[in-house]
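Data block below; observations after.
As the structure is a computational prediction, the values presented were derived from the model and not from experiment. The figures here come from the full heavy-atom set of this structure, side chains too, leaving out hydrogens, waters and symmetry mates. Numbering starts at 1 and runs along the sequence shown.
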Amino acid sequence: LPWWKVRDALLEEVKTREDKIKIHLGVSLDEVVENDDGSYLATFKDSNLQLTASFIIGADGVNSVVRRNVLKLPPATPSGVFVWRGSMDTLLCEDLKKFQDIPIAKMTKLGDTMIMSYFNFHSAVVGQVAWVLTVCANLLPDYIKIDCGRTTPIDVMKAYMDNINEGADEELKETYKLAMLAFANTH
């Protein structure tokens with residue numbers, strides 16, 4: 001299933017158990033400490049909110065307070081690999097129907113630095129196809145720069161193709177065309 005369907009299904013399930021599970025959106029975790037009884041105390045930035053719980057799910061990203069305070073793990077180390085992902089509904093327009101013919105997974109390399117993958121992996125969700133673009137930044141040509149949080153997959157692919165357009169073979173041109181179609185129709 002696409003990640004957003006899983007997220008939404010989990011959120012709906014949690015809402016049915018609001019007497020036992022509390023979700024706090026729009027707050028920033030400051031610190032998590034383990035109490036002597038094995039429970040956890042969470043305090044939040046810019047808020048007087050303090051929570052004591054048996055479980056705290058740390059879905060707070062790569063610079064995770066939970067990772068640092070509870071698991072005692074070192075900060076994440078940048079790998080130089082950037083990954084973008086999305087999904088699209090191939091039933092929306094005629095051009096997208098070609099994605100329905102993709103088997104469970106299709107991967108295409110763009111040079112030595114990028115892999116574009118498509119996943120048509122769940123027959124119960126007809127028409128949903130997920131895509132993933134993986135870019136190894138340290139292998140990118142110097143003219144392509146990635147600014148984390150600002151650069152889009154369209155930016156990276158367009159810069160790559162603009163520079164090699166004369167040398168692009170038909171397979172690469174088709175890969176680029178399909179990727180741009182996927183990006184433009186991502187929800």
Side-chain angles (χ1 to χ4, degrees), residues 1-79 81-93 96-97 99-100 102-106 115-135 146-155 179 181-187:
L1 287 172
W3 67 269
W4 55 270
K5 284 203 178 263
V6 173
R7 179 204 60 211
D8 290 352
L10 288 172
L11 184 56
E12 288 306 311
E13 181 64 24
V14 165
K15 286 179 180 177
T16 68
R17 300 166 190 237
E18 288 183 359
D19 59 321
K20 295 180 182 168
I21 300 173
K22 302 291 182 206
I23 294 181
H24 297 273
L25 301 174
V27 295
S28 297
L29 192 60
D30 184 38
E31 184 178 38
V32 177
V33 292
E34 186 171 5
N35 296 321
D36 292 338
D37 64 359
S39 66
Y40 295 93
L41 173 66
T43 56
F44 297 84
K45 297 177 186 175
D46 304 324
S47 170
N48 293 329
L49 182 63
Q50 289 190 341
L51 299 172
T52 301
S54 300
F55 297 96
I56 296 177
I57 297 174
D60 53 339
V62 69
N63 296 310
S64 170
V65 173
V66 173
R67 173 189 174 98
R68 186 176 59 249
N69 289 2
V70 176
L71 300 175
K72 308 292 188 220
L73 295 173
T77 303
S79 67
V81 174
F82 292 82
V83 178
W84 291 268
R85 68 180 183 187
S87 64
M88 60 188 155
D89 184 345
T90 63
L91 304 175
L92 291 177
C93 73
L96 296 176
K97 290 191 179 184
F99 287 100
Q100 294 173 8
I102 292 173
I104 291 175
K106 174 184 178 180
I115 299 173
M116 186 68 189
S117 306
Y118 301 96
F119 302 95
N120 189 2
F121 51 83
H122 202 287
S123 58
V125 187
V126 176
Q128 292 296 315
V129 173
W131 60 263
V132 177
L133 176 64
T134 306
V135 177
I146 295 177
D147 183 1
C148 190
R150 289 196 168 88
T151 304
T152 69
I154 293 171
D155 298 333
L181 187 59
F183 299 153
N185 289 283
T186 296
H187 51 62

To the nearest 0.5 Å, tell me how far Ile146 CD1 sits from Trp84 CH2. 4.0 Å

Glu18 meets the salt bridge (charged side-chain N to carboxylate O under 4.0 Å, His left out) criterion, sequence neighbours left out, with none

Point-to-point distance, once rounded to the nearest 0.5 Å, from CD1 of Ile21 to NZ of Lys15: 13.0 Å

Which heavy atom in Ala182 sits nearest to a heavy atom in Thr186, and how many Å separate them? O-OG1, 2.7 Å

Within a 6.0 Å radius of atom CG on Asp46, are there more than 12 heavy atoms belonging to other residues, nucleotides or ligands? no

Counting only N and O atoms by type, is there a donor-acceptor contact under 3.5 Å from the side chain of Asp37 to the main-chain atoms of Ser39? yes

Of the non-hydrogen atoms in Val135 and Leu133, which two are nearest, and what is the gap between them? CG2-CG, 3.9 Å

Mark yes when over 12 heavy atoms from residues, nucleotides or ligands other than Asp19 sit less than 6.0 Å from its CG; otherwise mark no. yes

So which heavy atom on Leu29 is nearest to which on Ala42, and how close? CD1-CB, 3.8 Å

Between Phe44 and Asp30, does a side-chain contact (heavy atoms from CB on, under 4.5 Å) hold up when you go through it step by step? CA-CA 5 Å; Phe44 297 84; Asp30 184 38; 5.6 Å; no

Please assess Thr16 against Glu13 for the test side-chain contact (heavy atoms from CB on, under 4.5 Å), listing each intermediate value before the final yes or no. CA-CA 5 Å; Thr16 68; Glu13 181 64 24; 3.8 Å; yes

Looking at every non-hydrogen atom in both residues, tell me the closest pair between Trp131 and Ser87 and how far apart they are. NE1-N, 3.9 Å

Which pair of heavy atoms, one from Thr90 and one from Val129, lies closest together, and at what distance? CG2-CG2, 3.6 Å

Return yes if some donor-acceptor pair links the side-chain N/O of Tyr118 with the main-chain N/O of Ala179 below 3.5 Å, else return no. yes

Between Gln128 and Asp89, does a side-chain contact (heavy atoms from CB on, under 4.5 Å) hold up when you go through it step by step? CA-CA 5 Å; Gln128 292 296 315; Asp89 184 345; 3.6 Å; yes

Partners meeting salt bridge (charged side-chain N to carboxylate O under 4.0 Å, His left out) with Asp147 (sequence neighbours left out): Arg150

Walk me through whether Thr152 and Phe183 qualify under side-chain contact (heavy atoms from CB on, under 4.5 Å). CA-CA 10 Å; Thr152 69; Phe183 299 153; over 6 Å; no

Closest heavy-atom pair and its distance - Thr43, Gln50: CG2-NE2, 3.5 Å

